Amino acid sequence: LEFRRVLFRSRGQCTIDFGAIKEAVTLDLYSVYGQKLKEITVFEVAAAELSLEAFPQGIYYLRVHYQGAVRNFKIIRD
């Protein structure tokens, strides 16, 4: 599972650039305690937007599922 880039912008916005995908991608956002906070599934898109605005400052984990592969990212919202 490769990404062109993962951009973390101000105000809790995150953009994941997939390039060109042909299948569904699921993004799961977890708290530092392992609680699933949000799940987003996107289909045939070049990029996905994830907003953390509704969540307080802290550490979060993003789990990305695509074609049976899983990638994990640590996000620090400050």
Side-chain angles (χ1 to χ4, degrees):
L1 177 60
E2 296 295 325
F3 301 107
R4 289 190 176 173
R5 63 186 160 202
V6 178
L7 303 172
F8 300 102
R9 300 180 305 197
S10 62
R11 297 190 177 173
Q13 296 294 324
C14 174
T15 302
I16 301 100
D17 184 353
F18 301 112
I21 60 170
K22 302 286 187 205
E23 297 178 24
V25 175
T26 301
L27 308 172
D28 295 327
L29 182 67
Y30 290 89
S31 73
V32 71
Y33 303 108
Q35 177 186 11
K36 186 186 277 190
L37 304 172
K38 191 179 231 184
E39 180 178 319
I40 300 170
T41 301
V42 294
F43 301 91
E44 297 182 13
V45 296
E49 296 285 330
L50 179 66
S51 175
L52 301 175
E53 290 179 324
F55 303 108
Q57 294 178 346
I59 298 172
Y60 298 90
Y61 294 96
L62 178 65
R63 181 171 287 171
V64 181
H65 304 264
Y66 178 63
Q67 292 184 331
V70 178
R71 290 273 312 266
N72 294 295
F73 297 92
K74 182 178 183 179
I75 299 172
I76 299 174
R77 175 160 165 41
D78 55 1

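Quick caveat: nothing in here was measured; it's all calculated off a predicted structure. Heavy atoms only: backbone and side chains are in, while hydrogens, waters and symmetry mates are out.
- Taken to the nearest 0.5 Å, the CG atom of L27 stands 7.5 Å off from the OG1 atom of T41.
- The closest side-chain heavy-atom distance from Y61 to N72 is not below 4.5 Å.
- Applying the salt bridge (charged side-chain N to carboxylate O under 4.0 Å, His left out) rule to pairs touching residues 29-38 yields D28-K36, K36-E39, sequence neighbours excluded.
- Both tests hold for R63 against Y30: distance to the six-membered ring centre under 6.0 Å, angle to the ring axis within 45°.
- Contact between T15 and A47 at its shortest, heavy atoms only, is CG2-CB, 4.2 Å.
- For the pair L29/F55, a side-chain contact is recorded, criterion being any heavy-atom separation below 4.5 Å from C-beta on.
- Grouping the Ile, Leu, Val, Met, Phe, Trp and Tyr side chains by contacts below 4.5 angstrom, directly or via other members, places F73 apart from I76.
- Cluster annotation: Y33 is not connected to Y60 through the hydrophobic network of ILVMFWY side chains, with a link wherever side-chain heavy atoms come within less than 4.5 Å.
- Grouping the Ile, Leu, Val, Met, Phe, Trp and Tyr side chains by contacts below 4.5 angstrom, directly or via other members, places L62 with I40.
- Counting all heavy atoms, side chain and backbone alike, Q67 lies closest to E23 at NE2-OE2, 3.2 Å.
- F43 belongs to no hydrophobic cluster with other residues, because no ILVMFWY side-chain heavy atom falls under 4.5 Å from its own, directly or through intermediates.
- What you find for S51 and Q13 is that their closest heavy atoms are OG-NE2, 3.3 Å.
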